[in-house]
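Written below as structure tokens is the structure these notes are about.
Predicted model, so just to flag it, every value in this text is computed and none were measured. Counting from 1, the numbers follow the sequence of the chain as shown.
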Amino acid sequence: QVQLVESGGGLVQAGGSLRLSCVVSGGTFSSFTMGWFRQTPGKERELGAAVSRTGSSTYYTDSVKGRFTISRDNDKNTMYLQMNSLKPEDTAIYYCAATERGWSRSLQGPYDYWGQGTQVTVSS
């Protein structure tokens, strides 16, 4: 069974940085398009960033573009989200997700596999 485990969340001040990691087991990592979703109470879950199977293509929602960087290491079965210049509005539970869909259909759900989430809190 495919499992995704996130780590790296925490509490930081505005302007600080965090690096999230997602380790995938039980599947062929290089066959998955990967993404980071985030959800805040009272708001709909949104796709914050996604990366293609080889890492050659990336997507960012407008609110994080220029501040967040998504990447993957297929040799380590791991996806990363480097978050810089964090803002209080970035506070959310961040979920690692994987889909067997290719890049052309991966930016619209559903994703197939999900982690349990990691809390990111940015104080003002």
Side-chain angles (χ1 to χ4, degrees):
Q1 182 175 336
V2 176
Q3 291 188 333
L4 285 64
V5 179
E6 305 100 331
S7 63
L11 173 64
V12 298
Q13 272 197 319
S17 298
L18 284 174
R19 190 191 195 197
L20 307 183
S21 298
C22 173
V23 179
V24 178
S25 62
T28 305
F29 180 68
S30 60
S31 72
F32 298 144
T33 302
M34 300 294 299
W36 287 100
F37 290 79
R38 64 184 189 178
Q39 188 164 30
T40 301
K43 296 179 63 178
E44 185 177 348
R45 183 184 64 194
E46 68 170 346
L47 177 64
V51 60
S52 63
R53 289 163 174 157
T54 64
S56 62
S57 298
T58 57
Y59 161 84
Y60 302 95
T61 192
D62 287 344
S63 61
V64 310
K65 190 172 296 184
R67 299 186 298 117
F68 290 10
T69 303
I70 189 170
S71 62
R72 65 191 296 161
D73 186 340
N74 284 355
D75 291 332
K76 296 182 177 180
N77 291 353
T78 303
M79 175 182 65
Y80 307 95
L81 185 67
Q82 179 67 45
M83 304 185 293
N84 297 327
S85 301
L86 282 162
K87 304 176 180 179
E89 308 93 270
D90 297 318
T91 296
I93 301 175
Y94 284 72
Y95 295 92
C96 174
T99 178
E100 296 177 352
R101 297 183 179 190
W103 187 244
S104 63
R105 295 183 61 85
S106 64
L107 300 184
Q108 186 76 15
Y111 275 55
D112 301 303
Y113 309 106
W114 294 83
Q116 293 184 332
T118 185
Q119 177 70 47
V120 172
T121 302
V122 184
S123 65
S124 60

Shortest non-hydrogen separation from [X] to [Y] and the atoms involved:
X     : Y     : value
Thr78 : Lys76 : OG1-O, 2.8 Å
Ser52 : Ser56 : OG-N, 3.3 Å
Asn74 : Ser30 : ND2-CB, 3.7 Å

- Query: Do we get Arg72 above Tyr80's six-membered ring, with its NZ or CZ under 6.0 Å from the centre and within 45° of the axis?
  - Reply: no
- Message: Given Tyr94, which partner from the list Gln119, Gln39, Arg38 fulfils the side chain to side chain donor-acceptor pair (under 3.5 Å) test?
- Response: Arg38
Taking [Y] as the starting point, is it possible to reach [X] by hopping between hydrophobic residues whose side chains are less than 4.5 Å apart?
X     : Y      : answer
Val2  : Trp114 : no
Tyr59 : Val64  : no
Val23 : Tyr95  : no

- Message: In terms of relative ring orientation, are Phe37 and Tyr111 parallel, tilted or perpendicular, with 30° and 60° separating the classes?
- Response: perpendicular
- Would you find a donor on one side and an acceptor on the other, under 3.5 Å apart, between the side chain of Asn84 and the backbone of Ser17? no
- Examine distances only and state if a side-chain atom of Ser104 and a backbone atom of Gly102 form a donor-acceptor pair shorter than 3.5 Å. no
- Message: Go through it in stages, so that I can follow the logic: the residues are Thr99 and Arg105, the test is side-chain contact (heavy atoms from CB on, under 4.5 Å), and I'd like the CA-CA distance, side-chain angles, deciding distance and then a yes or no.
- Response: CA-CA 10 Å; Thr99 178; Arg105 295 183 61 85; over 6 Å; no
- Item | Ionic contact status for Asp90 with Arg67, cut-off 4.0 Å | yes
- Message: Counting only heavy atoms not in Gln116 (residues, nucleotides, ligands), do more than 12 fall under 6.0 Å from its CD?
- Response: no
- Query: Given the rule in the side-chain contact (heavy atoms from CB on, under 4.5 Å) test, do Met79 and Ser21 qualify, once you have shown the distances and angles that lead to the verdict?
  - Reply: CA-CA 6 Å; Met79 175 182 65; Ser21 298; over 6 Å; no
